[in-house]
Amino acid sequence: MTSRSKEAIASRLAEARRRTLELIAPLDDEQLNRVYSPLLSPLAWDLGHIANFEELWLVQTIGGREPLHGDLGRFYDAIENPRRTRGELPILRDAELRSYLADVRERTLDVLEDVEIGPDVEDRLLRDGFVYEMLIAHEQQHNETMLQLLQMVEGYEVSRGVGHLSPGQASGTILIEGGSYEIGAPANGFAYDNERPRHTVELASFEIDRTPVANAAYIAYMEDTGAEPPMHWERDPEGWVLTTAGRRVPVDPSHPVLHVSWHEADSFARWAGKRLPTEHEWEAARDELAGVGQVWEWTSSDFLAYPGFEPFPYREYSAVFFGATYKVLRGGSWATARNVMRPSFRNWDLPERRQIFAGIRCARDVSAERASEIAGDDERERAKREGCV
Ligand SMILES: [Fe+2]
């Protein structure tokens, strides 16, 4: 790989870091260390974890160097340290934390100068710069988790660089015809192990909503069923208000509903006479959908390995999570970096989680009559092509 590509990697690493630092710029050390919710890490943990993950992969693994702080890394292991415990850990804080971020980055750039990156490199971590792409995506994905917490910080203003919610425009449903669909990431280019291998699935015809469910529809559902409001909503005499960042802003009925659990998404869909799409259906319909990138969309699918799955570069990224415990979310939210939103990207989370930026898009089976109508259309199309009519 040419030095120009290395420069490109360095500048993308810098860009991701700029965004991270911009998110925390308005905060003081006390706010970085504070535990706002047992459901979320203090920001100081996220920051140290971002730097430690970088040190582990880009300095220790790739560069063969020793860590700066001995076995400090064990406190930044996400699996070993559940979120509710992270505020109590002897992690780096304040000035020490800031210099750790900078010192690791300096070493990363040192190592980058010496490595060989390219399409033909034998080391899969370095081939096409995989490990650098992984690190950039990791930091960007943590930015989203940080935003989940930042909206609990009194008076916090989301900066201009970050996306925002907008009202759904189109409505109605889209018909996706049954057939064979290619699912998953192609063999080349960056993707996580769980998106591979690309494979064919057979889908029956189905209908899917053009846009995610709006707050107005969710309020109708709450009024009809007595269901709980989404996280961060409270009732004022005038109506529902959003209470993020210590403000009280009327809920916009046209915005997509956000901060609902899988269970809530699933019962909303049933109430509406519909169902959640499977993740395969979502991916097959992906190009037709409006409002992607506003809210993560819960699917009915468990987080399972694709046939022929191979863990890479480490089992703890996906393989240990496969099973019926986690549900897959697709798309991406206003807080997700565009770089992360591949059509094949699979997010997964516990079905009771509400703090993530998740909403709902509904699907439904196509009725037998409609299916035979479609089949009839196909029949006529074929006949037309073959010159029978
Ligand atoms: Fe992480």
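The structure displayed is predicted, hence computed values, not measured ones.
- Considering only heavy atoms from C-beta on, Val292 comes within 4.5 Å of Trp282 through its side chain.
- With values rounded to the nearest 0.5 angstrom, Met134 atom CE is found 7.5 Å from Tyr192 atom OH.
- For the residue pair Glu352/Ser261, the side-chain donor-acceptor check at 3.5 Å is not satisfied.
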Yes or no on side-chain contact (heavy atoms from CB on, under 4.5 Å) for Leu109 and Arg105, after CA distance, side-chain angles and deciding distance? CA-CA 6 Å; Leu109 297 177; Arg105 178 52 52 91; 4.0 Å; yes

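- One side chain, Glu195 or Ser344, offers a donor N or O that lies under 3.5 Å from an acceptor on the other.
- Val121 approaches Gly118 most closely through the heavy-atom pair CG2-N, 3.2 Å.
- Geometrically, Arg330 does not engage Trp296 in a cation-pi contact, judged by NZ or CZ lying under 6.0 Å from the ring centre and within 45° of the ring axis.
- Considering Leu276, Asp266, Asp302 in turn, Asp302 is the only one that fulfils the side chain to side chain contact (heavy atoms under 4.5 Å, CB included) rule with Lys327.
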Could you go step by step and tell me if Ser205 and Glu177 meet the side chain to side chain donor-acceptor pair (under 3.5 Å) rule? CA-CA 4 Å; Ser205 296; Glu177 288 190 25; 6.0 Å; no

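- Ring planes of Trp45 and His142: tilted class, angle from 30 to 60°.
- Panel note: side chain Thr173, backbone Glu207; no donor-acceptor pair is recorded below 3.5 Å.
- A donor atom on one side chain and an acceptor atom on the other are not found under 3.5 Å apart for Tyr218 and Glu264.
- Ring-plane geometry between His49 and Phe53 is classed as parallel, the angle between the planes falling under 30 degrees on a 0 to 90 degree scale with a further cut at 60.
- Closest non-hydrogen pair, Arg346 versus Phe322, comes out as NH1-CE2, 4.4 Å.
- Closest approach of Ile356 and His259 over heavy atoms only: O-ND1, 3.1 Å.
- Taking the ring centroids of Trp348 and Tyr317, they lie under the 6.0 Å cut-off.
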Please walk me through it: do Asp46 and Thr20 pass side-chain contact (heavy atoms from CB on, under 4.5 Å)? CA-CA 10 Å; Asp46 277 288; Thr20 301; over 6 Å; no

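- Remark: the Glu96 side chain and the His69 side chain contain no N/O donor-acceptor pair separated by less than 3.5 Å.
- Taking the ring centroids of Tyr314 and Trp57, they lie under the 6.0 Å cut-off.
- In this structure, Trp233 and Trp240 have tilted ring planes: the angle between them lies in the 30° to 60° band.
- Screening Ile208, Val295, Val213 for a side chain to side chain contact (heavy atoms under 4.5 Å, CB included) involving Arg361 leaves a single residue, Ile208.
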side-chain contact (heavy atoms from CB on, under 4.5 Å) between Leu43 and Gln31, intermediate numbers included: CA-CA 8 Å; Leu43 291 162; Gln31 289 171 306; over 6 Å; no

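- Salt bridge annotation for Glu228-Arg354: absent, with no cationic side-chain nitrogen under 4.0 angstrom from a carboxylate oxygen.
- Shown here for Thr336 and Glu144, the closest heavy-atom pair between the two residues is OG1-OE1, 2.6 Å.
- Minimum interatomic distance between Glu182 and Thr200 (heavy atoms only, all atoms of both residues): OE2-OG1, 2.7 Å.
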Check against side-chain contact (heavy atoms from CB on, under 4.5 Å), His255 and Leu242: CA-CA 12 Å; His255 280 184; Leu242 199 58; over 6 Å; no

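- Under 3.5 Å, the side chains of Asn52 and Asp77 contain no donor-acceptor pair of N or O atoms.
- For the residue pair Ala137 and Val340, the shortest heavy atom distance occurs at O-CG2, 4.4 Å.
- Checked options Arg19, Arg12, Arg18; the residue passing with Glu15 is Arg18 (criterion: salt bridge (Lys or Arg N to Asp or Glu O under 4.0 Å)).
- A donor and an acceptor atom, one from each side chain of Ser180 and Glu202, are located under 3.5 Å apart.
- Taking OG from Ser41 and OH from Tyr36, the interatomic distance works out to 13.5 Å, rounded to the nearest 0.5 Å.
- Cation-pi check for Arg196 over Phe312 is not met; the charged atom does not lie both under 6.0 angstrom from the ring centroid and within 45 degrees of its normal.
- Taking the six-membered ring where the residue is Trp, Phe321 and Tyr326 present perpendicular rings, their angle passing 60° and hence far from 30°.
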Go through the steps for Gln355 and Ser37 under the test side chain to side chain donor-acceptor pair (under 3.5 Å), then give the verdict. CA-CA 10 Å; Gln355 69 267 33; Ser37 157; over 6 Å; no

Please determine whether salt bridge (charged side-chain N to carboxylate O under 4.0 Å, His left out) holds for the pair Arg17 and Glu54, giving the CA-CA distance in whole Å, both sets of side-chain angles, and the decisive distance to 0.1 Å. CA-CA 11 Å; Arg17 180 57 45 84; Glu54 174 174 337; 3.0 Å; yes

